[in-house]
Amino acid sequence: DGGITQSPKYLFRKEGQNVTLSCEQNLNHDAMYWYRQDPGQGLRLIYYSQIVNDFQKGDIAEGYSVSREKKESFPLTVTSAQKNPTAFYLCASGLSGGGNQETQYFGPGTRLLVL
Amino acid sequence: KNEVEQSPQNLTAQEGEFITINCSYSVGISALHWLQQHPGGGIVSLFMLSSGKKKHGRLIATINIQEKHSSLHITASHPRDSAVYICAVHSGTYKYIFGTGTRLKVLA
């Protein structure tokens, strides 16, 4: 089955702790994205990557970091510098590397809660 | 003002009703997407439009480029259509710009 998987489904973070959210795709897509969803707001772009070993900041990158060492994987680390991390995080991938009519395919999401 | 506005924010309908969700945008776009977010959080792409109209089953999406407006229609609505429907536009870059979504509840 082709698709995008995210883990874990729920994640709890303690104060001062870094946590990493996993995103894996087997769709052979070049582009991958991380979004944050908060109640009453549209999805906001955190980071994106159009090719392996390259990534760019999105609109709300502060307090987050990513890596893209493999085409299939784009993990997101929520660092202790992110003061309001409680949100629903969605990973997506796209075929045309960010072309202007690209369809993005979304993972099931990870809900991050602060203890 | 958001670049992508959806209305209504919330919608409750009886099973069988015809439903319309609206999306207006203020930027130039190359494509508009309608997405469906299930109660568990997963998002699926329903349509990508750059002009005209598309139909898939009971769902119809239309776009008027001159008026910067799109509508998503659901005919013969069913409780399984209950979800959040999100409009997103591509404005010629890598980015989607998302609306805040319309929460639809269809009652049996």
Side-chain angles (χ1 to χ4, degrees), chain A residues 3-11 21 23 27 29-51 54-61 87-113, chain B residues 1-10 21-52 54 56 59 61 63 65 70 83-103:
Chain A
I4 301 179
T5 57
Q6 289 186 241
S7 62
K9 189 170 182 179
Y10 295 95
L11 186 57
L21 285 62
C23 177
L27 300 168
H29 287 170
D30 287 314
M32 296 187 75
Y33 306 83
W34 273 107
Y35 295 98
R36 171 178 170 142
Q37 188 177 38
D38 293 282
Q41 295 191 43
L43 277 71
R44 293 181 290 168
L45 182 65
I46 304 172
Y47 268 97
Y48 70 102
S49 167
Q50 293 181 295
I51 198 166
D54 187 52
F55 49 84
Q56 307 295 330
K57 292 182 179 179
D59 299 318
I60 55 165
F88 188 59
Y89 291 86
L90 283 152
C91 179
S93 70
L95 184 58
S96 62
N100 62 11
Q101 293 199 354
E102 176 188 74
T103 293
Q104 293 183 12
Y105 297 81
F106 290 83
T110 292
R111 193 166 298 280
L112 177 60
L113 299 164
Chain B
K1 191 178 187 324
N2 292 335
E3 293 169 299
V4 179
E5 298 272 359
Q6 288 185 237
S7 64
Q9 285 188 300
N10 295 283
I21 298 170
N22 296 299
C23 175
S24 296
Y25 52 91
S26 58
V27 295
I29 70 168
S30 52
L32 181 143
H33 300 260
W34 281 102
L35 310 170
Q36 180 190 52
Q37 185 169 29
H38 296 290
I43 292 177
V44 296
S45 180
L46 298 175
F47 294 105
M48 181 178 71
L49 295 161
S50 53
S51 65
K54 286 190 177 179
H56 181 69
L59 301 177
I63 188 167
I65 297 293
S70 176
V84 176
Y85 292 85
I86 300 170
C87 173
V89 301
H90 248 135
S91 62
T93 71
Y94 58 90
K95 281 174 57 171
Y96 278 23
I97 305 172
F98 294 86
T100 55
T102 295
R103 186 174 299 274

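In what follows, chains carry the letters A, B, and so on, assigned in the order in which the sequence lines appear, proteins first and then strands, with residues in each chain numbered from 1.
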Legend entry - Which of B:L35, B:V44, B:T100, B:I86 touches chain A most, by non-hydrogen pairs under 4.5 Å: B:T100
Inset, instruction - Answer yes or no: are there more than 12 heavy-atom neighbours, outside A:Q41 itself, under 6.0 Å from its atom CD? - result: yes
Does any heavy atom of chain A fall under 4.5 Å from the side chain of [X], the backbone, both, or neither of them?
X	result
B:I43	both
B:L32	neither
B:Q37	side chain

Legend entry - Residue list, ring-ring contact (aromatic ring centres under 6.0 Å, His included) with B:F98, at least two apart or on another chain: A:Y35, B:Y96
Inset, instruction - Only counting residues at least two apart or in another chain, list the ones meeting ring-ring contact (aromatic ring centres under 6.0 Å, His included) with A:Y105. - result: A:H29
Legend entry - Toward chain B, the part of A:Q37 with a non-hydrogen atom under 4.5 Å: side chain
Legend entry - Heavy-atom pair of closest approach, residues B:Q36 and B:A83: CG-CB, 3.7 Å
Legend entry - Min side-chain heavy-atom separation B:C23-B:W34 under 4.5 Å: yes
